[in-house]
Amino acid sequence: MSDWVEACAAGDIDEEDVMRFDHAGRTFAIYRSPDDEYFATDGLCTHEKVHLADGLVMDDIIECPKHNGRFNYKTGAARGAPVCVNLKTYPVKVDAGKVLIQIG
Amino acid sequence: MAMAGMVIIGAGECGGRAALALRDLGFEGSVTLVGDEPHLPYERPPLSKEAMTGDAPAIKAIAGDELLAERSIRHNRSVRATAIDRPAHQVQLSDGSSLGYDKLLLATGSMPRKLPMPGLGSRCVYLRTFNDALAIRAHLSAGNHVAVIGGGFIGLELAAAARKLGATVTVIEAQSRILMRGVPAEIAEVIHRAHEAEGVTMLTGQGIAAIADNGLKVTLTLAGGREVIADLAVIGIGAVPVTALAAEAGLAIDNGVAVDDRLQTEDPDIFAAGDCCSFPLAIYGGRRVRLEAWRNAQEQGALAAKNMLGAGEAHAAVPWFWSDQYGLTLQIAGLSDEGSATVRRDLDDGAFILFHMSGDGRLVAASGIGPGNAVARDIRLAEMLIAKRASPAPEALGSQAVKLKSLLAA
């Protein structure tokens with residue numbers, strides 16, 4: 001069974017924004033959607049391994065800061081050139097004001 | 001539609017993306033990509049960066065053999081198109097064969113501008129292809145001296161790569177500063193200083209009077225009399241569009257193959273896209289431009305594919321460009337020469353953005369530089385503001401406390 005790991009406080013991320021979270025040698029991106037839900041994906045773009053947390057969140061899309069590759073951060077789906085490989089997503093829950101992610 | 005299908009001349013970023021886009025859009029006829037290189041379609045930006053410094057240089061393919069096969073894209077490698085027979089809808093190839101087309105896309109790109117001087121030899125080289133990059137890389141090692149002729153992006157990125165590999169580097173630029181074309185002086189200054197800090201000898205305002213290349217060493221005599229002796233001279237003085245094929249076919253050339261805002265030439269069955277074409281840019285009142293940029297190649301490839309299928313969609317993108325040198329990334333959205341005033345926004349870690357405003361207060365471009373991806377998000381938001389033709393208050397643009405996203409909603 002995978003453990004739930006505390007990533008940040010719920011208030012650490014603005015609505016429609018993203019934050020980087022590093023844990024045990026891995027890097028993740030934690031998102032807060034415009035409708036105040038939280039999501040998590042792998043932290044690096046599948047095109048050139050760039051930290052997605054430096055990118056722009058618009059609605060349910062995260063755009064890579066380097067070459068504008070786009071993913072739906074809720075599903076991990078790649079949304080067009082130059083990215084073609086989907087992003088891995090992780091379960092997220094908010095408990096007592098903390099954002100927890102389940103790292104598989 | 002007739003059965004000949006779609007032919008794309010040029011298998012770079014633009015042609016490769018166009019071929020994939022035709023399939024994404026559901027086109028089921030034949031798609032043929034013709035490229036004069038022996039490689040799969042690949043991305044060129046790494047050639048002056050990662051391909052230079054990585055342990056095992058390899059192409060960054062846009063589509064591998066498997067994907068090309070799966071999408072039924074025929075890729076004719078190491079073949080040039082030599083003529084277009086417009087009435088017959090046929091393209092002649094250098095291997096003697098010919099291809100019929102219903103719609104033809106010219107994605108022939110650009111090639112390095114040649115230095116018009118005598119004395120150039122085997123140690124004076126240009127960078128365009130992966131094979132060029134491999135040949136250059138072989139000389140980038142400790143103990144070797146590399147002279148870079150031209151302080152443009154390719155030359156400067158190569159200079160950074162050469163330093164990373166331990167070579168001694170001299171950059172020679174005839175103009176009074178580097179990056180004269182399209183980059184504000186304040187940002188060029190940051191890049192200039194970064195190169196000096198990394199040990200590059202930067203010689204600006206220095207024309208070259210003579211070149212002597214004996215096949216082992218190149219001696220560059222500068223106008224002021226100084227001599228630079230190098231193991232390799234890399235010439236990066238700009239690029240010119242590859243237009244001969246179009247010109248010989250009687251198509252209009254105007255700093256590139258002239259197309260309309262739908263990327264169509266005056267021949268309704270021939271389109272052109274990417275570095276090789278000039279097109280009217282809607283956000284600047286239809287000003288005709290030609291862009292040498294990766295994202296433009298990608299976007300126009302995709303748009304050309306749509307319009308080859310009859311979409312009739314106008315190009316509406318904002319030009320966007322980036323460069324990486326050492327730990328710095330520069331990003332530019334829009335064309336800064338459209339602006340008459342600038343507003344500076346300072347970000348963390350020494351990063352900053354210059355917003356370029358037109359005389360009537362419109363945001364027309366944004367140029368940013370900083371470590372890593374420090375400017376990326378704000379440049380992307382600026383790009384969206386530029387596309388909206390917004391006129392944000394200069395005080396808001398200049399204050400880091402005001403989120404650019406909040407201006408977008410206005």
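Letters go in sequence order (proteins before strands), and every chain restarts at 1.
Between atom CD of residue E383(B) and atom CG of residue N68(A) there is a gap of 6.5 Å, rounded to the nearest 0.5 Å. Taken from NE2 in H67(A) to CH2 in W322(B), the straight-line distance is 3.5 Å, to the nearest 0.5 Å. A distance of 9.5 Å separates NE2 of H51(A) from CG of N373(B), quoted to the nearest 0.5 Å.
If you measure heavy-atom distances from E16(A) to chain B, the contacts under 4.5 Å come from both the backbone and the side chain.
For K74(A), the NZ atom is densely surrounded, since the number of other residues' heavy atoms within 6.0 Å is greater than 12. For R23(B), the CZ atom is densely surrounded, since the number of other residues' heavy atoms within 6.0 Å is greater than 12.
Interface residues of residues 19-41 of chain A toward chain B, defined by a heavy-atom distance below 4.5 Å: none. Within residues 48-63 of chain B, the residues approaching chain A closer than 4.5 Å by heavy atoms are, in numerical order, E50(B), K60(B). Residues of residues 328-335 of chain B that come within less than 4.5 angstrom of chain A, heavy atom to heavy atom, are T329(B), Q331(B) in numerical order. By a heavy-atom distance cut of under 4.5 Å, K403(B), K405(B), L408(B) are the residues of residues 399-408 of chain B near chain A, going up by number.
Looking at R377(B), its side chain never comes within 3.5 Å of a backbone N or O of L56(A) through a donor-acceptor pair.
The shortest non-hydrogen separation linking W294(B) to H47(A) is CZ2-CE1, 4.3 Å.
If you tally non-hydrogen atom pairs under 4.5 Å between each of I379(B), V375(B), D324(B), L67(B) and chain A, the highest count goes to D324(B).
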